[in-house]
Engineer: 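Before I ask anything, here is the structure I am working with.
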Amino acid sequence: MSKKITIDGRELVFDQDKTVLQVARENGIYIPSLCYHEKTGPASKCRVCVVEIDGMKGLQTACSVAAKEGMVVRTDTEMVREAQRMVVNLLLSNGNHNCLSCECNGRCELQDAAYFLGIERPPFIIEERQERDSSGAFILRDPEKCIECGRCIEGCNHLVVNEVLDFGYRGGHTKVICDEDAPMGESTCVQCGECVQMCPVGALIENKYIGAARAWETKTVRTTCPYCGVGCQLDLHVKGDQIVRVTGTEGAHPNQGHLCVKGRFGYDFIYSNERLTTPLIREGENFREATWDEALDLVAGKFKQIIKESGPDAIAGVSCARSINEDSYNMQKLFRAVIGTNNIDHCART
Ligand code: SF4
Ligand code: SF4
């Protein structure tokens, strides 16, 4: 049943089981938030999404308070803004958030919050340098940009369930660690990149994206991953005619934004000079280029010879996981109906 809530003087209708933040977002009211993510839900860690709610003492985190019938919420009072500015100022001060050189510039949620709150430069200076971790094959970790929102940890442990990341140490020394504080490349991380996709700032970045493009230079092309039969949905971030980044399409079946290491990072082959563009026929130890007609005649001739000498069950076929469904269907038809054997399989069958 629909209910009504008032946010900043606007009477809004909502369905049950929504938080104040969700109702506000659905109605185009921006409440800065950093630790909240649709996929992992309320965390109430960063306290940037605070609001005033009539009848409730002090400030409330909009990501964790359930919207209720008749609730009156204010997102833009002086008390709210002061609290939000203080949190964002501290986050900006506690690290090295140099937007000019950050790969996340233009798609950073901390940058958005600072801009919205009119913060030009952080008023505090907290000098504590932290080394980047470049040991991961595909992911760069920059702790100086980390705001300790915990979204990467939630994603790693509860979405892809790889259980690599956690908060380590205490108090001011708290930081995100891999396993028992191992370099990412020496940890149990499988480089799936879910944490990168969850990170609201530039603390986790795809190595291949570094220096490749600014966010506003790319367009997004939705496609299906070419690697296996699961059919994960991808967003290709393309600059000119080059893919510079791949993310999982949020909210789309079957992967809901998650990807494996191949789908997210294994797109270099597209641009490889070593790709085969003509059939090759083996002659002794070497291969020579051939036409398609010549290659197909050779294969058909060998098949006929084997069938004649040993029967059709002497032949087996394995179709490629990258083939489209229609090609795999044709392959099994060829083997069953033309060659006459059931020796046909697919390398990514489940
Ligand atoms: S890449 Fe995947 S496994 Fe590795 S830390 Fe990130 S989410 Fe966990
Ligand atoms: S690395 Fe990113 S997602 Fe993880 S805690 Fe830091 S800011 Fe949040």
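The chain is numbered in sequence order, starting from 1. Keep in mind that this is a model prediction, so the values were computed, not measured. One-based numbering, in listed order, for ligands and for the atoms of each.
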Engineer: Using a 4.0 Å cut-off to any heavy atom of Ile139, which atoms of ligand 1 qualify?
Structural biologist: 1 (S)
Engineer: For atom 8 (Fe) of ligand 1, what's the nearest protein heavy atom and its distance?
Structural biologist: Cys156 SG, 2.4 Å
Engineer: Does Leu92 form a side-chain contact (heavy atoms from CB on, under 4.5 Å) with Leu110? I'd like the steps, not just the answer.
Structural biologist: CA-CA 8 Å; Leu92 285 168; Leu110 180 62; 3.8 Å; yes
Engineer: Donor-acceptor pairs under 3.5 Å, side chain of residues 43-55 to any protein atom, not counting sequence neighbours: which ones?
Structural biologist:
residue, atom, partner, partner atom, Å
Ser44, OG, Ser64, OG, 3.3
Glu52, OE2, Thr77, OG1, 2.5
Asp54, OD1, Arg74, NH2, 2.5

Engineer: When you measure from atom 4 (Fe) of ligand 1 to every protein heavy atom, which one gives the shortest distance, and what is it?
Structural biologist: Cys189 SG, 2.3 Å
Engineer: Determine, stepwise, if the pair Glu103 / Arg245 fulfils salt bridge (charged side-chain N to carboxylate O under 4.0 Å, His left out).
Structural biologist: CA-CA 11 Å; Glu103 300 294 341; Arg245 225 176 128 226; over 6 Å; no
Engineer: Nearest protein heavy-atom contact for atom 3 (S) of ligand 1: which residue, which atom, what distance?
Structural biologist: Asn162 ND2, 3.4 Å
Engineer: Going through the checks in order, is the side-chain contact (heavy atoms from CB on, under 4.5 Å) test met by Leu204 and Ile139?
Structural biologist: CA-CA 7 Å; Leu204 290 159; Ile139 299 168; 4.0 Å; yes
Engineer: As a quick check of understanding, evaluate side-chain contact (heavy atoms from CB on, under 4.5 Å) for Leu100 and Asn105, giving each step before the final call.
Structural biologist: CA-CA 7 Å; Leu100 283 178; Asn105 189 2; 5.7 Å; no
Engineer: For Gln191, take its heavy atoms, then give the atoms of ligand 1 lying under 4.0 Å from any of them.
Structural biologist: 1 (S), 4 (Fe)
Engineer: Only heavy atoms of Val190, strictly under 4.0 Å: list the atoms of ligand 1 that pass.
Structural biologist: 3 (S), 4 (Fe)
Engineer: Please assess Met331 against His346 for the test side-chain contact (heavy atoms from CB on, under 4.5 Å), listing each intermediate value before the final yes or no.
Structural biologist: CA-CA 10 Å; Met331 177 96 169; His346 185 274; over 6 Å; no
Engineer: Ignoring hydrogens, what is the shortest heavy-atom contact between Thr19 and Ala62? Give both atom names and the distance.
Structural biologist: CB-O, 3.7 Å
Engineer: Counting each atom of ligand 2 from 1 as listed, which ones have a heavy atom of Glu148 under 4.0 Å away?
Structural biologist: 5 (S), 6 (Fe)
Engineer: Between Thr247 and His237, does any side-chain donor sit less than 3.5 Å from a side-chain acceptor?
Structural biologist: yes
Engineer: Quick check: closest heavy atoms across Glu144 and Gln130, and the distance to 0.1 Å?
Structural biologist: OE2-N, 3.1 Å
Engineer: Does some side-chain heavy atom of Ile205 sit less than 4.5 Å from a side-chain heavy atom of Lys145?
Structural biologist: no
Engineer: Taking non-hydrogen atoms only, is Thr188 closer than 4.0 angstrom to ligand 1 via side chain, backbone, both or neither?
Structural biologist: neither
Engineer: What atoms of ligand 1 come closer than 4.0 angstrom to any heavy atom of Gly193?
Structural biologist: 1 (S), 2 (Fe)
Engineer: For Arg81 and Gln84, does a side-chain donor sit closer than 3.5 Å to a side-chain acceptor?
Structural biologist: yes
Engineer: May I ask you to identify the nearest protein heavy atom to atom 2 (Fe) of ligand 1, giving residue, atom name and distance to one decimal place in Å?
Structural biologist: Cys192 SG, 2.3 Å
Engineer: In the protein, what heavy atom is nearest to atom 5 (S) of ligand 1, and what distance, to one decimal place, separates them?
Structural biologist: Leu165 CG, 3.5 Å
Engineer: Atom 2 (Fe) of ligand 2: which protein N, O or S atoms are under 2.8 Å away?
Structural biologist: Cys199 SG
